[in-house]
2 protein chains.
Amino acid sequence: MIGRDSSGVTISQVAAAAGVSRQTVSNVLNRPGRVAPETAARVRRAVEELGYRPNRAAQNLRERASRCIGFKIDSPAGMSNLLDRFLHALADAAGTAGYHLLLFTSAGVDEEVVAYEELIRTGTVDGFVLADVGVKDRRLPWLAKRGIPFVCFGRPWGLDHARFSWADVDGASGVAQAVDHLVSRGHRRIAYLGWPAGTGFGDERQSGWREGMRRHGLGDEGLSGGCTEDVAVAAAVAGSLLARPEPPTAFVCGSDTYAVAVRLAGGTDAGGYPKVEVVGFDDSPAATLMSPPMSSVRQPLAEIARRVVGLLVEEIQGPCTPPEGVMLRPELVSRPEPGR
Amino acid sequence: MIGRDSSGVTISQVAAAAGVSRQTVSNVLNRPGRVAPETAARVRRAVEELGYRPNRAAQNLRERASRCIGFKIDSPAGMSNLLDRFLHALADAAGTAGYHLLLFTSAGVDEEVVAYEELIRTGTVDGFVLADVGVKDRRLPWLAKRGIPFVCFGRPWGLDHARFSWADVDGASGVAQAVDHLVSRGHRRIAYLGWPAGTGFGDERQSGWREGMRRHGLGDEGLSGGCTEDVAVAAAVAGSLLARPEPPTAFVCGSDTYAVAVRLAGGTDAGGYPKVEVVGFDDSPAATLMSPPMSSVRQPLAEIARRVVGLLVEEIQGPCTPPEGVMLRPELVSRPEPGR
DNA sequence: AGGCCGTGTTTGATCGTTCAAATTGTCACT
DNA sequence: AGTGACAATTTGAACGATCAAACACGGCCT
């Protein structure tokens with residue numbers, strides 16, 4: 001049975017119902033063992049009957065903590081719903097750590113740091129997760145200087161990694177796995193298509209391809225393309241790579257968007273199957289839904305979210321904790337195309 | 001200049017700095033006009049110098065409101081990132097209404113209602129937005145019975161619409177616009193592909209197609225297909241419609257996922273252009289990124305979010321407000337394929 | 001001079017919880 | 001019988017903001 005009023009049962013009402021003082025009720029809930037067994041049982045029954053749940057605002061005020069993690073969401077672009085999936089994983093991880101996830105937006109970069117400061121100053125959140133860290137991101141030193149707890153999903157490219165907390169996947173390893181996969185399927189001229197130099201994570205993914213090719217004793221000259229993450233543009237670049245004298249027979253890509261572009265540029269054979277084999281990155285729904293489905297490198301989002309939250313909670317609870325970086329391994333999801 | 005400590009400047013400290021009482025500071029901030037001009041100026045300067053921002057937990061406790069809106073996010077499926085975009089719009093709308101958006105997850109339907117009750121009981125949120133309302137959704141009467149404020153994005157199909165607050169787009173109108181568009185481009189055999197009967201919104205979208213065809217004096221027999229929202233399955237259904245004696249020359253679809261499937265099933269002509277013209281629904285990035293880009297019906301997400309938040313805030317502030325439904329018009333985003 | 005009004009500012013109480021210290025009760029030991 | 005130790009429970013205070021009522025002060029009227 002639950003109380004009549006959906007909200008507003010206080011600890012004092014429970015205390016009155018159980019014939020004890022409010023502090024005893026508090027002890028039953030927070031420090032069991034300090035209370036005699038039968039008293040505790042009586043209190044617990046009253047809690048149950050009235051449907052008492054401690055008021056969050058009062059707890060927050062008392063404990064000087066909101067148990068909320070802030071996350072700035074911006075207008076999404078691109079075809080992958082990585083953000084969606086990460087948000088879900090993050091909310092989940094936060095929940096199991098006893099935190100809630102608070103979403104907010106901001107108009108521009110300047111307003112953004114103001115928003116961070118406001119949320120901390122008002123005690124609305126205890127810290128932040130940043131998922132869109134750019135090269136030499138100004139926000140990181142800004143937040144660090146002010147002692148505002150935060151953790152990044154993605155490394156602080158262009159800054160001293162050791163100065164900040166982050167969790168990220170080893171993009172090079174993921175792409176190298178893709179190369180191994182394609183080599184094992186008989187390919188020898190494997191191209192790479194991804195971002196132009198300078199994005200940090202893009203460079204890393206490309207280096208994974210280069211290194212993978214080297215390991216298999218394969219050359220990489222003339223097999224790499226870089227362009228903005230846009231299907232039409234990427235398809236054109238893929239087309240020009242395929243028009244070379246000795247064209248690639250397969251591609252590894254920086255993201256699924258590039259991979260979709262390669263599929264479009266590569267064309268299909270008589271049986272309607274793609275002529276060029278391709279492996280994407282992010283394992284977005286588009287990869288699954290294509291026909292035939294596409295192999296892709298999957299980031300362990302749930303694990304990343306758990307680690308991000310773990311690091312953040314540490315930083316919130318012990319402000320003297322040194323920053324820490326966590327590197328995770330992505331995994332190739334193989335959806336083999338009809339054998340060669 | 002900002003205070004040294006990122007958090008923890010209290011109203012009393014400001015009062016002391018300005019040489020007034022804490023209540024005067026409160027009045028300056030909340031009830032200007034009650035305070036003499038020079039006193040107000042002095043207080044404002046102190047606020048500025050110390051970087052004072054009122055503590056949210058204390059306000060929440062006093063005012064018995066969290067100014068937070070809860071939103072349950074579940075593991076996303078499908079290729080559209082509608083949820084992403086809606087979340088951004090919602091966070092934005094909530095922000096301008098003075099609310100924050102609190103995300104949470106839940107394991108199953110039973111845990112979900114428990115989570116709703118917990119969040120309300122503890123005063124963590126003031127109300128909810130539901131974006132995944134199913135036919136005869138049990139959660140709606142459950143929440144309503146308990147007097148928990150909530151607003152749906154999407155109509156409460158299978159329930160009395162007048163009993164709940166919601167904002168939604170007129171799916172029939174959107175699909176009818178798509179039919180008009182295709183007719184104006186010379187098509188006469190226009191097929192529909194969407195969900196099987198029984199989803200509410202799917203039936204509505206189909207009825208928009210049927211009505212549109214009727215209005216143009218066109219027949220609809222044998223031109224409708226329904227199946228799960230899965231590219232492979234939908235492509236097969238589209239293929240079977242295209243294999244008929246008098247095949248459709250164009251399709252309108254329940255979602256972009258169906259539309260992508262039609263593109264795949266329809267094949268391309270000598271010039272590499274799709275043989276079948278298709279209009280999708282949701283205007284997901286996939287529609288833009290396809291080659292050539294695809295027309296699609298766009299839901300006014302920002303407006304929907306504003307209305308949803310508006311209705312919810314009303315319901316939170318005046319619990320006696322009667323439920324209200326808001327219907328908005330979606331808009332066809334035309335990306336014409338090469339002329340016929 | 002005493003009462004009244006209006007403006008501007010302050011004091012006290014409150015929201016619901018939890019920490020720290022104080023209180024009561026029980027028993028054992030000298 | 002008196003004291004100390006200990007367990008169980010209670011009281012007071014605090015977290016930071018705001019509402020309601022009280023208060024000071026000057027001017028105006030009778």
Side-chain angles (χ1 to χ4, degrees), chain A residues 3 5-44 46-47 50-67 98 118-124 126, chain B residues 3 5-44 46-47 50-67 98 118-124 126:
Chain A
D5 208 335
S6 62
S7 157
V9 181
T10 78
I11 200 172
S12 298
Q13 290 171 26
V14 175
V20 296
S21 75
R22 58 189 199 288
Q23 183 60 37
T24 301
V25 178
S26 176
N27 285 338
V28 170
L29 268 49
N30 303 320
R31 210 140 324 178
R34 269 227 188 326
V35 182
E38 344 70 79
T39 314
R42 194 150 35 92
V43 168
R44 252 185 276 275
V47 166
L50 295 171
Y52 166 74
R53 306 266 58 216
N55 180 288
R56 199 60 178 265
Q59 285 184 322
N60 290 352
L61 176 58
R62 183 74 243 228
E63 324 210 313
R64 234 153 291 203
S66 66
R67 296 199 151 262
E118 174 84 2
L119 288 167
I120 286 288
R121 277 249 169 82
T122 57
T124 309
D126 296 336
Chain B
D5 208 336
S6 63
S7 156
V9 181
T10 78
I11 199 171
S12 298
Q13 289 170 28
V14 175
V20 295
S21 75
R22 56 190 202 286
Q23 183 60 35
T24 301
V25 179
S26 175
N27 285 338
V28 170
L29 268 48
N30 303 319
R31 212 142 320 182
R34 268 226 190 325
V35 182
E38 344 73 77
T39 313
R42 195 150 34 93
V43 168
R44 252 185 277 275
V47 166
L50 297 172
Y52 167 73
R53 305 266 60 216
N55 180 289
R56 199 59 178 267
Q59 285 184 321
N60 290 351
L61 175 58
R62 183 75 242 235
E63 322 209 313
R64 236 154 286 218
S66 66
R67 296 200 151 261
E118 174 84 2
L119 287 167
I120 285 289
R121 278 248 168 84
T122 57
T124 309
D126 297 336

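Only a predicted model underlies this, so the values are computations on that prediction, with no experimental measurement involved.
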To the nearest angstrom, the CZ-P distance between Arg64(A) and dA17(D) comes to 11 Å
Testing dG16(C), dT10(C), dA17(D) for proximity to the side chain of Thr10(A), the answer is dG16(C)
Rounded to whole Å, CZ of Arg34(A) lies from C1' of dA7(D) at a distance of 10 Å
Next on the checklist: Using OP1 and OP2 only, check whether a side-chain N or O of Asn30(B) sits under 4.0 Å from dT18(D).
Outcome noted: yes
* When we call it a touch if two heavy atoms are under 4.0 Å apart, what does Asn60(A) touch: a base, just sugar-phosphate, or nothing? -> nothing
Q.
dT17(C), OP1 or OP2 - any side-chain N/O from Ser26(A) closer than 4.0 Å?
A. no
*asked:* By the 4.0 Å heavy-atom rule, please label Arg22(B) as base, sugar-phosphate, or nothing.
replied: base
Taken to the nearest whole Å, CZ/Arg67(A) to P/dT18(C) is 12 Å
Taken to the nearest whole Å, CZ/Arg53(B) to C1'/dG16(D) is 14 Å
Of dT11(D), dT18(D), dG16(C), the nucleotide closest to the side chain of Ser21(A) is dT11(D)
- Task: Might you confirm whether atom CZ of Arg42(A) has over 12 heavy atoms from other residues, nucleotides or ligands at distances under 6.0 Å?
- Result: yes
Practice prompt. Just call it for Gln23(B): base, sugar-phosphate, or nothing, with non-hydrogen atoms closer than 4.0 Å on any strand.
Written response: base
Note to self: Just so I know, are the side chains of Thr24(A) and Thr39(A) near enough to count as touching, which here means a heavy-atom distance under 4.5 Å?
What the structure shows: yes
- State whether Thr39(A) places a side-chain N or O below 4.0 Å from either non-bridging phosphate oxygen (OP1 or OP2) of dT9(D). yes
Per side chain to side chain donor-acceptor pair (under 3.5 Å), Ser66(A) is matched among Thr122(A), Thr124(A), Asp126(A) by Asp126(A)
Tyr52(B) OH to dG16(D) P, in whole Å, measures 10 Å
Donor-acceptor pair (no angle test) under 3.5 Å: Arg62(B) side chain, dT14(C) base:
yes
Arg121(A) CZ to dA17(D) P, in whole Å, measures 13 Å
note: Leu29(B), atom CG; dC19(D), atom P; distance rounded to Å ~ 12 Å
Rounded to whole Å, the CG-P distance (Asn27(A) to dT18(C)) equals 9 Å
Just do the side-chain contact (heavy atoms from CB on, under 4.5 Å) check on Val14(A) and Val9(A) with the steps written out, would you? CA-CA 8 Å; Val14(A) 175; Val9(A) 181; 4.3 Å; yes
Can you check whether Thr24(B) has a side-chain N or O nearer than 4.0 Å to OP1 or OP2 of dT10(C)? yes
Contact between Val25(A) and Arg22(A) at the side-chain level, heavy atoms closer than 4.5 Å - yes or no? no
Closest of dT18(D), dC15(D), dT9(D) to the Leu61(A) side chain is dC15(D)
Exercise. Which is true for Arg31(B) with a 4.0 Å heavy-atom rule: it touches a base, it touches only sugar-phosphate, or it touches nothing?
Worked result: sugar-phosphate
